[in-house]
Amino acid sequence: MLATETDILRSKLKEVFGYSQFRGTQEAIIKNILNRHNTFVIMPTGAGKSLCYQLPSLVADGLAVVISPLIALMKNQVDQMNAFGVNAQFLNSTLSKSEITRVKKACINGDIKLLYVAPESLTKPENVEFLKKVDIAFVAVDEAHCISEWGHDFRPEYRRIKEIIAQIGDLPIIALTATATPKVQLDIQKNLNMEGANLFKSSFNRTNLFYEVRQKRHAKKQLIQFLKSRKGKCGIIYCLSRKKVEEIAEMLNVNGFN
């Protein structure tokens with residue numbers, strides 16, 4: 001990278017995403033993957049993990065391949081990037097054969113910067129052969145806790161990512177998750193062959209959140225008093241059954257709460 005790396009990144013951040021500055025360790029993470037170092041990111045939900053692979057994909061030469069477990073999440077991110085003026089596409093089971101052919105051709109021609117791939121799609125031999133023909137900058141493994149059998153969302157296909165990436169080429173990896181105990185963290189690194197990766201772990205402390213526990217004596221009366229002290233604000237009341245939800249909703253309506 002050039003000496004003006006910081007200026008280039010901040011200019012692209014403003015131009016594409018509309019932000020004036022990076023949050024937390026985002027800039028350091030982006031520079032790390034652009035310098036082709038394996039990168040492990042543990043960051044709470046809402047802290048800006050996606051930007052850590054989206055922005056470097058715009059600066060790096062070649063295509064960024066993002067392995068994502070959720071079709072809905074893929075579509076959401078592709079739509080968002082397209083709205084930003086970035087050509088992003090996905091490969092998954094929702095596409096027709098002609099759509100798959102179109103996406104692959106665009107990748108080979110260098111017309112796409114971000115390609116989202118489901119782990120099940122990545123394991124297909126024809127897709128591995130296709131990716132060998134593409135100039136790939138790096139691979140991002142989103143929701144990386146899916147790799148670990150100790151994770152809360154274990155996906156067997158994620159276990160094959162290491163061998164598939166090795167078939168495609170010598171590529172830097174950025175793995176990202178919001179949920180990784182030390183045991184899961186080690187399992188992710190082992191299974192991606194990135195024990196020596198640079199680790200970026202953000203604090204999960206949310207200064208704007210707090211918990212409060214109160215004794216429940218006259219629950220309905222306490223609830224009404226609580227709501228009256230917070231008129232105009234919104235919230236969620238959880239109940240253990242649908243019947244109880246309907247009962248509480250009716251009680252709230254009677255007491256003037258919508």
Side-chain angles (χ1 to χ4, degrees), residues 12-13 15-18 30 33-34 39 41 45 48-147 153-178 191-192:
K12 191 65 73 174
L13 178 71
E15 174 194 338
V16 178
F17 299 95
I30 290 167
I33 191 63
L34 285 174
T39 311
V41 179
T45 301
K49 286 191 297 298
S50 300
L51 187 83
C52 294
Y53 57 78
Q54 288 172 342
L55 194 149
S57 75
L58 307 181
V59 177
D61 293 330
L63 174 77
V65 175
V66 182
I67 302 169
S68 176
L70 301 173
I71 287 174
L73 181 62
M74 280 188 226
K75 185 178 187 309
N76 178 270
Q77 291 207 6
V78 166
D79 288 346
Q80 181 191 53
M81 294 307 292
N82 289 341
F84 287 147
V86 176
N87 193 352
Q89 298 293 335
F90 55 74
L91 271 183
N92 59 41
S93 58
T94 67
L95 299 182
S96 65
K97 285 187 177 180
S98 62
E99 288 172 326
I100 290 171
T101 300
R102 175 183 57 80
V103 170
K104 287 182 176 181
K105 185 177 179 181
C107 289
I108 292 170
N109 291 340
D111 298 330
I112 294 175
K113 292 302 296 177
L114 269 165
L115 179 68
Y116 290 79
V117 183
E120 293 81 3
S121 298
L122 186 72
T123 57
K124 293 180 179 178
E126 64 267 28
N127 287 335
V128 175
E129 290 306 309
F130 145 67
L131 289 170
K132 288 179 181 179
K133 301 172 185 175
V134 181
D135 179 20
I136 299 175
F138 63 86
V139 176
V141 183
D142 207 3
E143 307 296 336
H145 55 270
C146 294
I147 288 172
D153 195 16
F154 176 57
R155 295 277 285 269
E157 295 82 6
Y158 266 62
R159 288 284 190 179
R160 294 195 57 206
I161 289 175
K162 177 176 67 174
E163 66 175 85
I164 291 168
I165 292 175
Q167 290 177 45
I168 296 168
D170 183 18
L171 302 170
I173 301 172
I174 176 170
L176 310 99
T177 181
N191 279 281
L192 284 177

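We use all heavy atoms of the structure for the numbers below, so side chains are in, but hydrogens, waters and symmetry mates are not. The shown structure was predicted, so the numbers you read here are calculated from the model rather than taken from an experiment.
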Q | Side-chain donor/acceptor of Lys113 to backbone N/O of Gly62, under 3.5 Å | A | yes
(Q) Please check if the number of heavy atoms outside Lys132 that lie under 6.0 Å from its NZ is greater than 12. (A) yes
Q: Sequence neighbours left out, what pairs pass ring pair (Phe, Tyr, Trp, His ring centres under 6.0 Å) with at least one residue falling in residues 78-124?
A: Phe17-Phe84
Q) Is there side-chain contact between Val16 and Leu55, with at least one heavy-atom pair below 4.5 Å? A) no
Q | Over all atoms of both residues, closest heavy-atom pair of Ile168 and Leu131 | A | CD1-CD1, 3.7 Å
Q: Of all the heavy-atom pairs spanning Ser68 and Leu73, show the shortest one and how long it is.
A: OG-CD2, 3.9 Å
**Q.** CD on Gln89 to CG on Leu95, rounded to 0.5 Å
**A.** 8.5 Å
Q. Does the distance from a Lys or Arg side-chain N to an Asp or Glu carboxylate O, for Glu99 and Arg102, drop under 4.0 Å?
A. no
(Q) Are Gln77 and Asp142 packed together at the side-chain level, in the sense that at least one heavy-atom pair is separated by less than 4.5 angstrom? (A) yes
Q. Considering all heavy atoms of both residues, which atom of Leu114 and which atom of Leu63 are nearest to each other, and what is their separation?
A. N-CD1, 3.8 Å
Q. When rounded to the nearest 0.5 angstrom, what distance separates CG in Leu115 from NZ in Lys104?
A. 10.0 Å
Q: Would you name the heavy atoms of Cys107 and Ile112 that are closest together and state the gap between them?
A: SG-CD1, 3.8 Å
Q. So does Asp61 have more than 12 non-hydrogen atoms from other groups sitting under 6.0 Å from CG?
A. no
Q: Scan Ile173, Val141, Thr123 and name whichever one has a side-chain contact (heavy atoms from CB on, under 4.5 Å) with Ile161.
A: Val141
Q. How far apart are the C-alpha atoms of Phe130 and Leu91, what are their side-chain angles, what is the distance that settles it, and do they pass the side-chain contact (heavy atoms from CB on, under 4.5 Å) test?
A. CA-CA 12 Å; Phe130 145 67; Leu91 271 183; 3.8 Å; yes
Q.
Checking the side chain of Asn92 only, and the main-chain atoms of Ala118 only, is there a donor and an acceptor separated by less than 3.5 Å?
A. no
Q. Does the side chain of Asn191 reach to within under 4.5 Å of the side chain of Arg159, using non-hydrogen atoms?
A. yes
Q: Provide the closest heavy-atom pair for Leu176 versus Ala140 in the form atom of the first, atom of the second, distance.
A: CD1-CB, 4.4 Å
Q) Do the side chains of Leu13 and Leu51 get nearer than 4.5 Å, heavy atoms only? A) yes
Q) Which distance, rounded to the nearest 0.5 Å, do you find between the NZ of Lys49 and the CD of Glu143? A) 6.5 Å
Q | 4.5 Å side-chain heavy-atom contact, Ile33 and Tyr53 | A | no
Q: Mark yes or no for whether Asn76, through its side chain, and Ala72, through its backbone, hold a donor-acceptor pair below 3.5 Å.
A: no
Q: Can you see which heavy atom on Met74 is nearest to which on Val117, and at what distance?
A: CE-C, 3.8 Å
